[in-house]
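Excluded from the calculations below are hydrogen atoms, water molecules and symmetry mates; all remaining heavy atoms, backbone and side chain alike, are included.
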Amino acid sequence: MRHLIGCVTGLLVCGAACAQATTTVEVDAGQPQAALRDLRGVNKAPVFTSKTPGQRHDAGTLYRAFGVSQVRLHDSGADLCSIYKPATRLNMGVSPPQAVAGCTLSGSGGVPHFMWTPTSSADADLNNPDNYDFTEFDEAVLRTLASGAQVYLGLAQSYNGPNDTTDPVAWAKVATNLYRHLIGVFKPTAGLAVDPVYVEIHNEPDGGFWRGSTATFNTLYTENTQRVRAAAAAAGRSVKVGGAGFTRDVLNKSKEAGNPANGFIAAVGAGTLDFYSAHLYDRCANASLASSASSLRALRALVDSQGGVGKPLHISEWNIGLGNDCGNSLFAEQRLQSFTSGLLTLMQDPALAIEAAHFYAGVTVMSVFDFTSVAGAVRVNPSAWALWAHAWLQGANGVAARVCTAAGSCVAGTAADSAAVLALAGQAGGTLGVVLTNDSGSAQSVTLRFKGLAGSVASALAHTPPQGPQDLAVAGNPSVADAGALAALLAKVGTEHRAGLGVSGGQLELALSVPARSVQLVRLWPGAGTVPVSNAQADCLFDWGAASYPALLNPAQPASQSAPPYYYRYYAASRAYLGVSSADQHLYHLDAALGGAPTDLGPAMPWVLQAGCAAR
């Protein structure tokens, strides 16, 4: 059990918990920084087909519950080959070249050379809606939107799919029509017209996803970019386009003659790039945050040296390592929680200018949510809680945070890759949030020192997610996680509540213990004697109350209503009201049959904690 103790210099002695702290994290509310960037993307739409014939799975409710904010549609029905039908498909690895029936080609002795070219280059054919089948793509998009995530559109082909063409212009025209379909202009689908948050052209051209010439690739890239931008302008929309999703080995590939990564920016022109994208995979069990940070800094230097000084970076695939190197069991280890949170923190370093990032993957392999390892269940891997913790900083402006060792040396929390603890802080709506990451093999005592606070009082919550993988029952086809089991899992988040903490000279200290290989979220409400209760937490509390006291509160789930200062529910059968007042953040109960004034049940947050609703 960790300790959360208010420590105010000059007012009280914080005792052994503070004295034993080996790391101090300073968060200065008086030093606001730029808005925190949205880096909680994943690869792959939440719905996919199982290897079990006829069975499908849908992680949409899990994406929403754990804060997935973007879905990169790579390997998710967005492949040009599977969408545009009249094309020539040739295996160039044999002589003479042989026709390929589908959209993937398994080879031996290396990556297969798969040529894909639309049969006709005429616009009448390339723009013929009958030549396109968007069925699988539409489902991926609609399921993504239903999960609450934005679409990050990748215009590429799948692994072992087409990696060459004799007509890059035709390829680009087909890709542009895919974008036009998404925004509702070309062969529109009812209920589907959405702007992608970004458009990424191609995927790993410096690896097996391109086997053609560099000149052909550069033409393909520039044609794609220009045509997508023109299509957006014609539709009165804005779009950000970049690429090309280079491999984790881009630093070496950029030195190889004839490789698309070599001189890419100069070859296509810096103006064609709203962002430069690449991938990051570490060394599995031997991975370290320091080595990943070194790779990110080297990538930043590479892009700057190629003419992209300050150009935003997208890390459109990243993980602790590749699945075929690591083995699937690694992704269920507790280390994935701290490593994932650590990378999410490091990628917020302003010096890197990382604008978007996507964990590989949300589902299927190397995943956050694993539907294959346990029959009849979905495994929520520890990495999910890293996304969950960072989601609480959604929309926040950054606040200066420093990590200081017992020896007195300090470093920015987003650059503390060599320290035991990393820190990311943000402020939104008067609330300060801090994500602490302990990537070491032992628990770390931390003194969390807030500075620049207003008022003389504050309240805080400290959340620590459960350890290890968690298995939830699934049902249906597509199978989805059981709603009750998911709610019970969220209730497992350990939460400590401290109200009425004294602030002196704008400062307040909390003593914490962050478990090994874990993430911890701390939220502070300066100037508030009691922690405010959100509507989502109140709804959860009302549900719990009706289940716990059915004679007093029925029917069980009437609609919630607002009548300031109360957010409440009226239980018609029992003629009772239960609500939270925003005036004092207390819980109130009124028996209408008896009349009189509502009964004050005290601060609402302890009830929220008892109900297991604090993680909402």
Main-chain N/O of [Y] paired to [X] side chain as donor or acceptor, under 3.5 Å:
X: Gln157; Y: Cys81; answer: yes
X: Asn397; Y: Leu36; answer: no
X: Thr214; Y: Gly258; answer: yes
X: Arg300; Y: Leu352; answer: yes

Do the side-chain N and O atoms of [X] and [Y] include a donor-acceptor pair separated by under 3.5 angstrom?
X: Ser292; Y: Asp282; answer: yes
X: Thr225; Y: Thr272; answer: no
X: His74; Y: Asp79; answer: no
X: Asn262; Y: Asn259; answer: no
X: Gln467; Y: Ser518; answer: yes
X: Ser277; Y: Glu200; answer: yes
X: Ser373; Y: Asp370; answer: yes
X: Asp75; Y: Ser158; answer: yes

Salt bridge (Lys or Arg N to Asp or Glu O under 4.0 Å) partners of residues 314-335, not counting sequence neighbours, each pair once: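 Residue pairs with at least one partner in residues 314-335: Arg72-Glu317, Arg248-Asp325, Arg335-Asp439.
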Partner of Trp171 under ring-ring contact (aromatic ring centres under 6.0 Å, His included), chosen from Tyr221, Trp116, Tyr84: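 In the set Tyr221, Trp116, Tyr84, the residue that makes a ring-ring contact (aromatic ring centres under 6.0 Å, His included) with Trp171 is Trp116.
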Strictly under 6.0 Å, is that where the ring centroids of His202 and Trp210 end up?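 Yes: the rings meet the under 6.0 Å criterion.
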Who passes salt bridge (Lys or Arg N to Asp or Glu O under 4.0 Å) against Arg449, sequence neighbours left out?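 With sequence neighbours excluded, Arg449 shows a salt bridge (Lys or Arg N to Asp or Glu O under 4.0 Å) to Glu26, Glu509, given in chain and number order.
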Rounded to the nearest 0.5 Å, how far apart are CG of Asn319 and OH of Tyr281?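 With rounding to 0.5 Å, CG (Asn319) is 6.5 Å from OH (Tyr281).
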